[in-house]
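Throughout, residue positions are numbered sequentially from 1 according to the sequence presented. The model shown is predicted, which means the values in this text are computed figures rather than measured ones.
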Amino acid sequence: MKLRKITRITTQKKQKHRYNIFLNTSAGDEYGFSVGEDILIQFRLEKGMELDNKLIETLKEQDNLHKVYTLTIHFLSYRIRSEKEVITYLQKKEVEEEQIAVIMQRLKKEKLLDDQQFAEMFVRSRMNTSSKGPKVIEQELFEKGISGQIAVNALEQYTPALQKEKVQKLLGKKIKQSSKDSFQKQINQAKNTILQKGFNQQLVFEAIQTMDQEEDTNHEWEALKFQGEKLYQKHVKKYEGFQLKQKVMEGLYRKGFHFDMIQQFVEKYMENQE
């Protein structure tokens with residue numbers, strides 16, 4: 001078995017924690033490979049030490065693995081990650097699958113990767129910083145590789161009481177006194193928006209039922225007049241008399257206004273236009 005002796009060990013100029021290993025050859029000493037400080041210490045590399053080809057390959061592999069590990073630690077330093085996120089990152093860096101498996105095992109052993117902890121922090125962050133409901137958050141967890149019991153456990157902290165509080169706040173934001181739409185239309189639009197955010201339909205329905213639905217009559221009347229006048233101008237060129245009234249009434253009804261208010265508008269506004 002051919003042995004090669006270390007003739008020199010020098011520190012790299014740009015990376016002080018890395019070292020160049022020079023080996024003896026028939027032409028004198030030549031650069032062989034480089035290693036990080038950890039590998040240098042672990043294998044006790046020093047001038048005069050003899051290495052066979054197998055050990056040299058092991059040193060190179062271990063050094064490359066350490067570089068990948070350091071790269072991954074840097075990736076984890078920005079925020080907590082799921083296992084899937086780390087694997088995807090390493091795959092994009094074209095790290096070999098065997099090395100990825102070793103890195104993942106080490107990270108989990110060192111408690112630097114924990115999908116349950118990640119899921120719980122992710123849910124807590126979404127609860128505190130967004131208006132998203134549990135269904136949307138669950139889908140986001142799935143996209144990050146978290147599903148099954150881990151996701152279920154993490155979502156338990158998003159209690160029905162907290163969801164109800166969030167839904168009520170969203171309803172309050174969506175129902176605006178300055179709107180030109182009917183109160184009912186605002187309710188319907190708010191409901192659809194909240195459902196799209198991932199809240200349970202029954203929970204949204206209950207929140208709507210318990211909220212104060214006594215709309216401001218003056219505001220509702222102003223909104224109806226605004227919409228009614230728009231409908232009148234839209235249809236007056238094509239219809240007249242009873243047909244015109246029907247078109248306006250149908251349009252206002254579809255927009256969610258009460259029938260008695262619509263009749264009042266027709267009697268007060270439209271009859272004065274004739």
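Here the CD-NZ distance, from E140 to K135, works out to 15.0 Å after rounding to the nearest 0.5 Å. Put simply, CG on L40 and OG1 on T11 are 9.0 Å apart, with the number rounded to the nearest 0.5 Å. Put simply, CD1 on I194 and CG on L170 are 5.0 Å apart, with the number rounded to the nearest 0.5 Å. Interatomic distance, CD1 of I100 versus CG of L107, reported as 11.5 Å (0.5 Å rounding).
In this structure, the side chains of R18 and K67 come closer than 4.5 Å at one or more pairs of heavy atoms. With contacts defined as side-chain heavy-atom distances shorter than 4.5 Å, the pair E138/P134 does not qualify. At least one side-chain heavy atom of M249 sits under 4.5 Å from a side-chain heavy atom of Q263. Between V35 and F43 there is no side-chain heavy-atom pair separated by less than 4.5 Å. For the pair I137/F122, a side-chain contact is recorded, criterion being any heavy-atom separation below 4.5 Å from C-beta on. Two residues are said to be in side-chain contact when any heavy atoms from C-beta on lie closer than 4.5 Å; I21 and I56 fail this criterion. A 4.5 Å side-chain heavy-atom check between Q168 and K164 finds at least one atom pair inside the cut-off. By the 4.5 Å heavy-atom criterion applied to side chains, H66 and Q62 are not counted as neighbours.
Under a 4.0 Å N-O distance rule, the pair R124/E120 does not qualify as a salt bridge.
Nearest heavy atoms, F33 versus L51: CZ-CD1, 4.0 Å. Pairing each heavy atom of S34 with each of N20, the nearest pair is CB-OD1, 3.7 Å. Minimum interatomic distance between V248 and L231 (heavy atoms only, all atoms of both residues): O-CD1, 3.7 Å. Taking each heavy atom of S82 and D115 in turn, the nearest pair found is CA-OD1, 3.5 Å. Closest non-hydrogen pair, E46 versus I9, comes out as CA-CD1, 3.6 Å. Between L59 and I39, the shortest heavy-atom contact is CD2-CG2, 4.0 Å.
Linking Ile, Leu, Val, Met, Phe, Trp and Tyr whenever their side-chain heavy atoms come within less than 4.5 Å puts L113 and L65 in one cluster. Hydrophobic cluster membership is shared by L90 and I73, with clusters built from Ile, Leu, Val, Met, Phe, Trp and Tyr side chains linked at under 4.5 angstrom. Under a hydrophobic-cluster definition in which Ile, Leu, Val, Met, Phe, Trp and Tyr are linked whenever side-chain heavy atoms come within less than 4.5 Å, directly or via other members, L141 and V136 are assigned to different clusters. Transitive grouping of hydrophobic side chains (ILVMFWY, heavy atoms separated by less than 4.5 Å) keeps F226 and L252 in distinct clusters. Hydrophobic clustering (side-chain heavy atoms under 4.5 Å, transitive across Ile, Leu, Val, Met, Phe, Trp, Tyr) keeps V152 apart from I150.
Residue-environment remark: CZ (F142) stays at or below the threshold of 12 foreign heavy atoms within 6.0 Å. Shown here is E96, whose CD atom has no more than 12 heavy atoms of other residues, nucleotides or ligands within 6.0 Å. No more than 12 heavy atoms of other residues, nucleotides or ligands lie within 6.0 Å of CD in Q105, so this atom counts as exposed by the packing criterion.
A donor-acceptor pair under 3.5 Å is absent between the side-chain atoms of S125 and the main chain of M121, judged by distance alone. Proximity of a side-chain donor or acceptor of D63 to a complementary backbone N or O of G36 within less than 3.5 Å is detected. Between the side chain of Q157 and the backbone N or O of A154, at least one donor-acceptor pair lies under 3.5 Å. Judged by distance alone, the side chain of K166 and the main-chain N or O of M127 form a donor-acceptor pair under 3.5 Å.
For residues 191-201, the set of pairs meeting the side chain to side chain donor-acceptor pair (under 3.5 Å) definition, not counting sequence neighbours, comprises S131-K197. Annotation: salt bridge (Lys or Arg N to Asp or Glu O under 4.0 Å) contacts involving residues 69-86, sequence neighbours excluded, comprise R79-E85, E83-K108, E85-K144.
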request  = Give the C-alpha distance, both sets of side-chain angles, the deciding distance and a yes or no for side-chain contact (heavy atoms from CB on, under 4.5 Å) between R254 and E250.
outcome  = CA-CA 6 Å; R254 284 196 298 269; E250 288 171 6; 3.9 Å; yes

task = Please report the C-alpha distance between V123 and E156 in whole Å, then the side-chain angles of each, then the deciding distance to 0.1 Å, and finally whether the side-chain contact (heavy atoms from CB on, under 4.5 Å) criterion is met.
result = CA-CA 9 Å; V123 172; E156 284 180 355; over 6 Å; no

key: Q91 vs I87, side-chain contact (heavy atoms from CB on, under 4.5 Å): CA-CA, chis, key distance, verdict   = CA-CA 6 Å; Q91 287 172 338; I87 291 172; 3.6 Å; yes

Y89 and V95: CA distance, side-chain angles, deciding distance, side-chain contact (heavy atoms from CB on, under 4.5 Å) verdict = CA-CA 9 Å; Y89 171 75; V95 177; over 6 Å; no

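Between F199 and Y158, the ring planes lie perpendicular to each other; the angle is over 60°, past the 30° to 60° tilted range.
Using modelled atom types, one finds no donor on one side chain facing an acceptor on the other under 3.5 Å when comparing Q233 with E229.
For the pairing with D29, the side chain to side chain contact (heavy atoms under 4.5 Å, CB included) check across I6, T7, L23 returns one residue only, T7. Of the candidates Q99, E110, H74, Y69 forms a side chain to side chain donor-acceptor pair (under 3.5 Å) with just one, namely E110.
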